Amino acid sequence: MSIDTESGHPHNPYRSPGPAAVPAKAVLEEAGELLRALAAPVRIAIVLQLRESPRCVHELVDALGVTQPLVSQHLRILKSAGVVHGERSGREVLYELVDDHLAHIVVDAVAHAEEG
């Protein structure tokens, strides 16, 4: 961790140097919806799995040790929040993350939880 030479405090790359501008209400609401969609242990585990590679439902069931209906339910929530999208491949749907930003949110949250 680096030290800010002016203040003598640890440098925090996530903290802005001045007062933060408040985003538009619609942006804050969308961010809240996204965080709510990520706020379940099974959904966090799904995002971590999809971070590695696209997966179909049965692969997620095997990796997470939960039932197919539960995985499907959580995938629907993640899909409606724009976190994942699915593409049909024969009889199966292959799910993947919409973008890497979402994986970073989850990885950072898990790392923070492991530190505490």
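Quick caveat, the model's predicted, so the values are computed rather than measured.
Atoms CZ and CG, on R55 and L75 in that order, are 12.0 Å from each other to the nearest 0.5 Å. Atom CG of L34 is separated from atom NE2 of H101 by 11.5 Å, given to the nearest 0.5 angstrom. From L60, atom CG reaches atom CG of L70 across 11.0 Å, with rounding to the nearest 0.5 Å.
R36 and R43 make their closest contact through O-NH2, 3.5 Å (heavy atoms, listed as atom of the first residue, atom of the second, distance). For the pair G86 and K79, the tightest heavy-atom approach, listed with the atom from each and the gap, is N-CE, 4.3 Å. Residues L94 and P54 come closest through the heavy atom pair CG-CB, 3.8 Å. Of all heavy-atom pairs between A45 and L64, the closest is CB-CD2, 3.5 Å. Shortest non-hydrogen contact noted between S72 and V57 is OG-CG1, 3.9 Å.
When the side chains of ILVMFWY residues are joined at heavy-atom separations under 4.5 Å, either directly or via intervening members, V106 and V98 end up in two distinct hydrophobic clusters. V84 and I77 fall into different hydrophobic clusters, where Ile, Leu, Val, Met, Phe, Trp and Tyr residues are linked whenever their side-chain heavy atoms come under 4.5 Å apart, directly or through other members.
Looking at L97 and R51, their side chains come closer than 4.5 Å, going by heavy atoms from C-beta outward. With a 4.5 Å cut-off on side-chain heavy atoms, Q49 and E59 do not count as touching. Residues L38 and L78 form a side-chain contact, since some pair of their non-hydrogen atoms from C-beta on lies under 4.5 Å apart.
No more than 12 heavy atoms of other residues, nucleotides or ligands shown are found within 6.0 angstrom of CD on E30. The environment of D99 atom CG is dense: over 12 non-hydrogen atoms of other residues, nucleotides or ligands sit within 6.0 angstrom.
For V22, the side chain to side chain contact (heavy atoms under 4.5 Å, CB included) partners two or more places apart in sequence, or in a different chain, are L28.
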